[in-house]
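Here the structure is laid out as structure tokens; the discussion comes afterwards.
Excluded from the calculations below are hydrogen atoms, water molecules and symmetry mates; all remaining heavy atoms, backbone and side chain alike, are included. This structure is a prediction, so every number in the text was calculated from the model and none was measured. Protein chains get the first letters and strands the later ones, always in sequence-line order, with residue 1 at the start of each.
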Number of protein chains: 2
Amino acid sequence: MAVDTGMKLAPLRYESAPLRNQIIAALRSAIEAGILKPGTRLIERDLCEQLNVSRTSLREALRELQALGVLSHTANRGLMVGTLTREDASNAYSIRSVLEALVARQFIDHAIDDEFAQLASLGLTLKKAYRSGSVEQILKAKRAFYDCLCSGARNNLAFDFINRLTLRTSQLRSTSLARKERQQQSVREIDAILAAIAARDAGAASDAAHAHVESAAASAFAAQDQVTEDEIAPPRRSANLTG
Amino acid sequence: MAVDTGMKLAPLRYESAPLRNQIIAALRSAIEAGILKPGTRLIERDLCEQLNVSRTSLREALRELQALGVLSHTANRGLMVGTLTREDASNAYSIRSVLEALVARQFIDHAIDDEFAQLASLGLTLKKAYRSGSVEQILKAKRAFYDCLCSGARNNLAFDFINRLTLRTSQLRSTSLARKERQQQSVREIDAILAAIAARDAGAASDAAHAHVESAAASAFAAQDQVTEDEIAPPRRSANLTG
DNA sequence: TTTTGTATGATTGTATGACATACAAAATGG
DNA sequence: CCATTTTGTATGTCATACAATCATACAAAA
């Protein structure tokens, strides 16, 4: 007979850390940080040396990143960091816009009181992060905010999709998030979303979510245009990742 | 010296056919056809034997399918065909709904006359496919229709996302598409979408797209409920793929 | 009878070496 | 200077090997 102490022990699951997941994380953050710029060719042998992993594991990681849309493949020439045309970026923001509007509506329909409170709290954290100006903190808080939003909306699939979109546009975001004006406006937009959700006004929440994403898009494009001149450079070899 | 006949020959560029792409296609169609049922464990060694490929290539294919969300992974137990909870399915349809509404609006904004005509033509083909009752033809026509729609909307990213969604819900679709009532209603809904687009009425097109997807969802759930009784079975070993 | 310890097999994770193929760039020859 | 050949580069694929972990069955002990 098993003992029943009444205690609930956490499952203590072995949080799978296959090597390829570390590789994926390393490449992702290198891309997001701009160490691997769009158009950079990824040579397997070089990456194996730099990351000190076998080709087998590296290739599996590359296949995943490829399927996620971060890397693009050309026949007999291998992989390169995906480039984002202006049209693609605009579409990514359009899709995020309708997705977030959907999730906002669903949140109002399905979330329980606890989740409303939690979302409000995470909204505060997010606004604080914006005011702090740290890109890293903003991204972390944003992720937590959307996680709560989608989870309250009972729509984890949307969370998945939103993450994929943000992954693809990560190059743009890192430049635009750093702008002071953008940060101030973001705070106002977050407030609008939170207020609409708190008021259980699905239409207003949807509109506010729309507005937030579209204003983010405008800011990202403005930021991009400022640096475009330098960026017409030819494809590069992969840079050093060990930094 | 190369001949120049004045003809424009299609690039015919070896559309790379790596073995893993064939593997992916084989597994995909096996899942869509129901040969590999949700919950089936995928044992690498067995699949290697059945497909007569090396583990290296197979695993790379599996990583891609995993990233696409078709397969789910549990630590130290490997992969299995992803199961779709009812909530997931509902969300997939919700997302498709807002995506298609978006694309319909964008199509009206951006498409040129040629594309309007082409979409109308593909709409006819699609309706004919519905009337023929062949699931295979319906799927093919639908894909062509959406391809044209997204391409006219200048939104290939949306096409990508829609395809991912349909991939995940493929299990449901194959059963629901086969129903006669559904086919008749689909024809009416397609007509509504085409009419709204032809009239350049973005609001109506968006509404019609919404309605189409949501009615498809309702039908899929109805079809699913009819077969649910048999499907509470335990996890299965992988079936024979060579058929 | 129940629990615990142990052995064994199954399965994935990772690494290595090898070979074929296709492309790119350099060298060669006119 | 152009065309052809050669060489180098990089990926695609395979076979093999070993480690780590889990599942199962079975024996030993309580």
Side-chain angles (χ1 to χ4, degrees), chain A residues 1-5 11-27 36 39-67 71-82 234-239 241, chain B residues 1-4 11-27 36 39-67 71-82 234-239:
Chain A
M1 196 67 84
V3 286
D4 182 3
T5 62
L12 180 46
R13 290 216 69 73
Y14 165 54
E15 195 53 46
S16 83
L19 188 51
R20 67 165 175 278
N21 284 353
Q22 297 174 242
I23 299 176
I24 291 175
L27 292 176
L36 289 175
T40 307
R41 278 189 66 187
L42 297 177
I43 312 300
E44 296 180 356
R45 193 178 55 85
D46 295 355
L47 291 178
C48 288
E49 284 177 11
Q50 292 191 45
L51 297 170
N52 193 35
V53 295
S54 75
R55 226 180 124 204
T56 313
S57 297
L58 176 76
R59 281 174 61 92
E60 290 186 17
L62 292 178
R63 294 288 93 78
E64 287 201 32
L65 288 170
Q66 184 185 341
L71 306 179
S72 69
H73 175 98
T74 50
N76 299 313
R77 190 176 293 223
L79 293 167
M80 62 183 234
V81 179
R236 308 161 183 77
R237 306 286 291 202
S238 49
L241 292 182
Chain B
M1 196 66 82
V3 285
D4 182 1
L12 185 28
R13 208 88 169 76
Y14 235 125
E15 198 42 54
S16 79
L19 187 52
R20 67 165 174 278
N21 285 353
Q22 298 174 242
I23 299 176
I24 291 175
L27 292 176
L36 288 175
T40 307
R41 278 189 68 187
L42 298 177
I43 310 298
E44 296 179 358
R45 193 179 59 85
D46 295 353
L47 291 178
C48 288
E49 283 177 12
Q50 292 191 48
L51 297 170
N52 194 34
V53 295
S54 74
R55 238 182 108 201
T56 311
S57 296
L58 176 77
R59 279 173 64 91
E60 290 185 16
L62 291 178
R63 295 286 93 78
E64 288 200 31
L65 288 171
Q66 182 185 343
L71 306 179
S72 67
H73 176 98
T74 49
N76 297 312
R77 187 172 302 208
L79 293 167
M80 62 183 235
V81 180
R236 308 160 184 76
R237 304 288 293 202
S238 49

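Here D/dC14 presents its C1' atom at 15 Å from CD of B/Glu44, a figure rounded to the nearest Å. One can place CG of B/Leu79 at 20 Å from P of C/dA10, the figure rounded to the nearest angstrom. In this structure, A/Leu62 places its CG atom 14 Å from P of C/dT14, rounding to the nearest Å. Rounded to whole angstrom, the span from the CG atom of B/Leu71 across to the C1' atom of C/dT11 amounts to 16 Å. Atom pair A/Asn52:CG and C/dT14:P shows a separation of 13 Å (rounding to whole Å applied). Going from atom CZ of A/Arg59 over to atom C1' of D/dT13 covers 8 Å, rounded to whole Å. Whole-Å rounding puts the B/Glu49 CD to C/dT11 P distance at 11 Å. Rounded to whole Å, atom C1' of C/dT14 lies 10 Å from atom CZ of A/Arg20.
B/Arg41 and B/Arg77 make their closest contact through NH2-O, 3.2 Å (heavy atoms, listed as atom of the first residue, atom of the second, distance). Closest heavy-atom contact between A/Leu71 and A/Val81: CD2-CA, 4.0 Å.
The distance from atom CG of A/Asp46 to atom CG of A/Leu51, rounded to the nearest 0.5 Å, is 10.5 Å. Remark: B/Arg20 CZ to B/Arg63 CZ distance equals 13.0 Å, nearest 0.5 Å.
Across the strands present, D/dC14 finds its partner in C/dG17; the criterion is a Watson-Crick or G-U wobble pair with both atom distances under 3.5 angstrom. Remark: D/dA29 base-pairs with C/dT2. Criterion, Watson-Crick or G-U wobble with two distances under 3.5 Å.
Side-chain contact between B/Leu47 and B/Ile23: absent, with no pair of heavy atoms (C-beta onward) separated by less than 4.5 Å.
Considering only side-chain atoms of A/Arg77, the nucleotide from D/dT11, C/dT11, C/dA24 that sits closest is C/dA24. Taking the side chain of A/Leu19 as heavy atoms from C-beta on, and the options C/dA24, C/dT11, C/dA15, the nearest nucleotide is C/dA15. The nucleotide whose nearest atom lies closest to any side-chain atom of B/Arg55 is, among D/dA17, D/dG12, C/dT11, D/dA17. For B/Ser54, the side-chain atoms get nearest to D/dA15 when compared with the rest of C/dA15, D/dA15, C/dT12. Distances were taken from every side-chain heavy atom of B/Arg45 (C-beta onward) to each of C/dT11, C/dG13, D/dG12; the shortest belongs to C/dT11. Comparing atom distances between the A/Thr56 side chain and each of C/dG13, C/dT11, C/dA15 picks out C/dA15 as nearest.
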